[in-house]
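See below for the structure under consideration.
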Amino acid sequence: MYINNGRLYILSAPSGTGKTTISGEILKSIPHMKGSVSFTTRQPRAGERNDIDYTFISVEAFHHMLQAGEFIESAEVHGNYYGTSIKRIKEIQEGGSDVLLDIDTHGAKQIRARHIDATYIFILPPSLEALRERLYKRNLDDEKSIIRRLAKAKDEIRECLFYDYIIVNDDLRRAVDGLKAIILSGRLRADCLNADWFEGKFGIQ
Ligand code: 5GP
């Protein structure tokens, strides 16, 4: 039995902003915080592991899950499909943990439209120029895909005003500390108090 109910944290950022590094740090350092492994039709990159980084599936299998209503949200990003499984989120929350979702702005919008209680956090690069440099430096994508990612980044950055929190990743340590502060204060929220825990401890309903 835990003092608070598992909360949902939605993390969005243009690709190359450092979101994966930041969320990795958070998952490592905050107990009872878990990421939900998304389903994608994208090909695995070098070093990516199935069911750990993503669950890699075919377009047919993705459409089948979509039709069956298995996703809380789904989106097409850079020509590939991505979706978050409702079942995986539930399992994490029932295990007493908070869930960190690393999803794009379209996915975040879908969750907001469903009026699901969640905390929305957007990570900004220091500037568009800095983002361009990072995408070239990390050497993961070809020229065409970098140009596509930068165009999408601008559209995504417009959406940051709809989020609850904005973190500028100009310094990794500071960005991680900022996100930690948001999550740890979320755990102290009165409206997240687990009613059964409270009643068990204090006999107050
Ligand atoms: P990448 O292919 O570089 O890992 O991710 C590309 C983009 O897809 C990132 O912005 C990431 O946040 C987003 N993404 C990853 N998983 C999901 C998901 O399940 N749903 C949505 N909507 N976006 C996702």
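This is a predicted model, so every value here is computed, not measured. As the structure lists them, so they are numbered: ligands from 1, and atoms in each ligand from 1. Residue indices begin at 1 and follow the sequence shown.
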Taking the six-membered ring for Trp, are Y81 and F62 parallel (under 30°), tilted (30 to 60°) or perpendicular (over 60°)? parallel
Under 4.0 Å from a heavy atom of E73: give me the atoms of ligand 1 that qualify, with their elements. 18 (C), 19 (O), 20 (N), 21 (C), 22 (N)
Looking only at heavy atoms of K109, does any of them come nearer than 4.0 Å to an atom of ligand 1? no
Is E94 salt-bridged to K87, cutoff N-O under 4.0 Å? no
Closest to atom 16 (N) of ligand 1 among protein heavy atoms sits S38 OG, 3.3 Å
Using a 4.0 Å heavy-atom threshold (strictly under), name the region of V77 that reaches ligand 1: side chain, backbone, both or neither. side chain
Any salt bridge linking E25 with K180? Criterion: basic side-chain nitrogen under 4.0 Å from a carboxylate oxygen. no
If we check salt bridge (Lys or Arg N to Asp or Glu O under 4.0 Å) with R7, which of these qualifies: D98, D191, D117? D117
Salt-bridged, D177 to R174, with N to O below 4.0 Å? no
Is there a polar contact between ligand 1 and H78, counting only N or O atoms under 3.5 Å apart? no
Between D102 and ligand 1, is there a nitrogen or oxygen pair with a distance under 3.5 Å? yes
When you check the side-chain N and O atoms of R88 and S36, is any donor under 3.5 Å from an acceptor? no
R149 neighbourhood, listing ligand 1 atoms whose heavy-atom distance to it stays under 4.0 Å: 3 (O)
For ligand 1, indicate whether the residue K152 contacts it via side chain, backbone, both or neither (heavy-atom separation under 4.0 Å). neither
Between ligand 1 and D104, is the shortest N or O to N or O distance under 3.5 Å? yes
Determine, using heavy atoms of G83 and all atoms of ligand 1, whether some pair is separated by less than 4.0 Å. yes
Ligand 1 to E48 polar contact by distance, N or O atoms, under 3.5 Å: no
Need the ligand 1 atom indices (1-based, order shown) with element for anything under 4.0 Å from a heavy-atom of A75. 22 (N)
Atom 3 (O) of ligand 1: of Q43, R45, H106, the nearest heavy atom sits on R45
Going by the atom numbers of ligand 1, which of them fall below 4.0 Å from some non-hydrogen atom of K19? 9 (C), 10 (O), 11 (C), 12 (O)
Less than 6.0 angstrom separating the ring centers of Y54 and Y82, yes or no? yes
Who's the nearest protein heavy-atom neighbour of atom 6 (C) of ligand 1, and how far? Y82 OH, 3.7 Å
Can you get from I167 to I30 by hopping between Ile, Leu, Val, Met, Phe, Trp and Tyr side chains that sit under 4.5 Å apart? yes
I want to confirm something. Looking only at heavy atoms, which of F71, Y54, Y81 is nearest to atom 5 (O) of ligand 1? Y54
Looking only at distances, please establish whether an N/O atom of ligand 1 is found under 3.5 Å from an N/O atom of S15. no
Quick test of your reading of the model: are K152 and D104 salt-bridged, counting only N-O distances below 4.0 Å? yes
Between the side chains of D171 and R173, is the shortest nitrogen-to-carboxylate-oxygen separation below 4.0 Å, so that they form an ion pair? no
Out of curiosity, I183 CD1 to L100 CG, how far, rounded to the nearest 0.5 Å? 5.5 Å
Which of the numbered atoms in ligand 1 are under 4.0 angstrom from any heavy atom belonging to G107? 22 (N)
